Chemist: 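The following block contains the structure, expressed as structure tokens.
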Amino acid sequence: MRNVTKDNITDVFMSYMGPETPERLRVVLGSMVKHLHDFAREVNLTHDEWNKGIAFLEAAAEISDAERHEYVLLSDVLGLSSLIDLLHADPDGTSSSVLGPFHISGSPKLELGGDLRKDCDAQVLLAQGCVKDPDGNPISGATLDIWQTAPNGLYSSQDPDQDTYSFHGLQTVGADGRYAFTSVRPVEYTVPSDGPVGDILRACGRHPWRPSHLHFIVEAPGFRPLVTEVFPEDDQYLDQDTVFGVREDLVMRYQNMPAGSFPETGFALSGAVDEAYLKVDFDLTLVPA
Ligand code: BEZ
Ligand code: FE
């Protein structure tokens, strides 16, 4: 086409794709370009504005490395990561939620009733529940990859003072599907805001806070893996998570348990906790693959 105009350029783009273009690529890329072109037409995008956009993309690339994933963060704060989760949600299972950049693989085994808290002296949190299928049957042998912030609001990968796998554990449930561990209450924290995504948040008058949460990846043969997180109902950021991760069914309640009521058996800390503690019961439902 030698007479490209602002009105026909989208069709011209589509016509340049060869017959060997895989169908799904044609649909996805074609639609993305159509929306990009429509967006530029709709806002009458200027050269200066698009140059700023390019500078943003370059800055995001520059700050990214094996540990810092600025484009994932961008997708998170734009709500795209959550939207993709929601598009593929199965109403029969526990909702999924953002993975975030702080998951590390290879977490050490956490025995049933094991302790993630180690020598941290904050109040004990006892977390337990059942991994089950949509009919309520326990899923024997499911694994839970669990991670959370330390009381200082940092994940181990962000904090040189923590061991690599501090507040990370991998637990396998038995025939009753029950998981159980002790930890400390995770705290609210800010997503990394010292890079170009932080600039966008500030420019839009947005804060970088996430409500506190426990992360889980739950897997079992024959079921869809579940990447999720659970949030306490009393967190001040529950209704304004900067990465849009909260779902109604992921909200849980910490019970205040009185001194002297910690289970006498079944936990690594049994016999060692006399004080009041927090308890949360939260079941996780996997859907068949
Ligand atoms: C997280 O929950 O660890 C997280 C998720 C998205 C962006 C940053 C952190
Ligand atoms: Fe997190």
Side-chain angles (χ1 to χ4, degrees), residues 56 59-60 63-86 88-89 94-107 110 116-117 120 122 125 127 144-159 162 164-170 181 183-202 204 206-218 225-247 249-252 254 280 282 284:
F56 169 85
I63 203 171
S64 296
D65 60 23
E67 256 120 58
R68 176 82 186 239
H69 303 283
E70 198 73 0
Y71 289 106
V72 176
L73 187 59
L74 177 65
S75 163
D76 293 342
V77 304
L78 294 183
L80 187 58
S81 308
S82 283
L83 174 58
I84 293 170
D85 268 351
L86 290 162
H88 302 285
T94 298
S95 293
S96 57
S97 187
V98 288
L99 173 68
F102 302 119
H103 173 256
I104 47 177
S105 43
S107 282
L110 180 66
L116 273 186
R117 170 177 175 265
C120 164
L125 165 68
L144 287 89
D145 196 345
I146 303 156
W147 73 105
Q148 66 166 90
T149 52
N152 65 0
L154 296 175
Y155 287 93
S156 60
S157 59
Q158 299 174 288
D159 184 359
Q162 290 184 55
T164 309
Y165 290 111
S166 149
F167 291 104
H168 287 70
L170 189 69
F181 60 95
S183 187
V184 298
R185 187 182 168 138
V187 296
E188 54 223 6
Y189 64 86
T190 60
V191 300
S193 60
D194 56 340
V197 170
D199 292 340
I200 290 191
L201 292 178
R202 280 181 288 280
C204 297
R206 279 176 58 179
H207 68 67
W209 288 92
R210 295 214 64 202
S212 59
H213 50 269
L214 287 166
H215 286 276
F216 296 105
I217 298 176
V218 193
L226 173 67
V227 178
T228 195
E229 40 184 358
V230 294
F231 307 86
E233 61 174 8
D234 59 354
D235 195 290
Q236 61 174 317
Y237 294 110
L238 198 64
D239 289 308
Q240 37 178 310
D241 178 6
T242 201
V243 301
F244 310 92
V246 182
R247 318 274 175 265
D249 67 313
L250 300 180
V251 178
M252 44 87 165
Y254 292 129
V280 57
F282 194 88
L284 294 152

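Note that the structure is predicted; figures quoted are calculated from it, not measured. In each ligand, atom 1 is the first atom listed, and ligand 1 is the first ligand listed.
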Chemist: For His103 and ligand 1, answer yes if some heavy atom of the residue is under 4.0 Å from a ligand atom, otherwise no.
Modeler: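 The answer is no, since His103 has no heavy atom less than 4.0 Å from ligand 1.
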Chemist: Decide yes or no for His103 and Val227: does some side-chain heavy atom of the first lie under 4.5 Å from some side-chain heavy atom of the second?
Modeler: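 When only atoms from C-beta onward are counted, Val227 and His103 do not touch, as no gap falls below 4.5 Å.
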Chemist: Answer yes or no: is there a side-chain heavy-atom contact under 4.5 Å between Ser96 and His88?
Modeler: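 They are not in contact (no side-chain heavy atoms under 4.5 Å apart), so the answer is no.
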Chemist: Is there any N or O on Asp76 that sits under 3.5 Å from an N or O of ligand 1?
Modeler: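 No, Asp76 has no N/O under 3.5 Å of an N/O on ligand 1.
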Chemist: I'd like to know if Arg68 pairs up with Asp65 as an ion pair, taking the criterion as any Lys NZ or Arg NE/NH1/NH2 lying under 4.0 Å from an Asp or Glu carboxylate oxygen.
Modeler: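 Looking at Asp65 together with Arg68, the answer is no, because their closest N to O distance does not fall below 4.0 Å.
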Chemist: Under a 3.5 Å threshold, yes or no: a donor from one side chain and an acceptor from the other, between Thr242 and Arg206?
Modeler: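 Per modelled atom types, Thr242 and Arg206 side chains form a pair under 3.5 Å.
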Chemist: Which residue and non-hydrogen atom of the protein lie closest to atom 9 (C) of ligand 1, and at what distance in Å?
Modeler: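 Going atom by atom, the protein heavy atom closest to atom 9 (C) of ligand 1 ends up being Pro101 CD, 3.3 Å.
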Chemist: Below 2.8 Å, any N, O or S contact between Thr149 and the Fe ion (ligand 2)?
Modeler: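 No, outside the cut-off.
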Chemist: Tell me, which protein residue and heavy-atom name are nearest atom 5 (C) of ligand 1, and how many Å apart are they?
Modeler: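 Checked against all protein heavy atoms, atom 5 (C) of ligand 1 sits closest to Gly100 CA, 3.3 Å.
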Chemist: So what does the His213 NE2 - the Fe ion (ligand 2) - Tyr189 OH angle come to, to 10°?
Modeler: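 Computed angle, vertex at the Fe ion (ligand 2), rounded to 10 degrees: 90°.
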Chemist: Report yes or no: does Gln148 have an N/O/S atom closer than 2.8 Å to the Fe ion (ligand 2)?
Modeler: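 Gln148 does not place any N, O or S atom closer than 2.8 Å to the Fe ion (ligand 2).
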Chemist: Report yes if the side chains of Pro232 and Met252 come closer than 4.5 Å at any heavy-atom pair, otherwise no.
Modeler: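 Yes. Closest side-chain heavy atoms under 4.5 Å.
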Chemist: Can you sort out which atoms of ligand 1 are near His215, meaning under 4.0 Å from one of its heavy atoms?
Modeler: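 Those atoms are 1 (C), 2 (O), 3 (O).
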Chemist: Scan Phe282, Tyr237, Phe231 and name whichever one has a ring-ring contact (aromatic ring centres under 6.0 Å, His included) with His213.
Modeler: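 Of Phe282, Tyr237, Phe231, ring-ring contact (aromatic ring centres under 6.0 Å, His included) with His213 is met by Phe231 alone.
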Chemist: Who's the nearest protein heavy-atom neighbour of atom 3 (O) of ligand 1, and how far?
Modeler: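 Minimum-distance protein heavy atom for atom 3 (O) of ligand 1 reads Tyr189 OH, 2.7 Å.
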Chemist: Assign the ring pair Phe181 / Phe216 to parallel, tilted or perpendicular, where the plane angle (0 to 90°) is split at 30° and 60°.
Modeler: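 It falls in the perpendicular class, over 60°.
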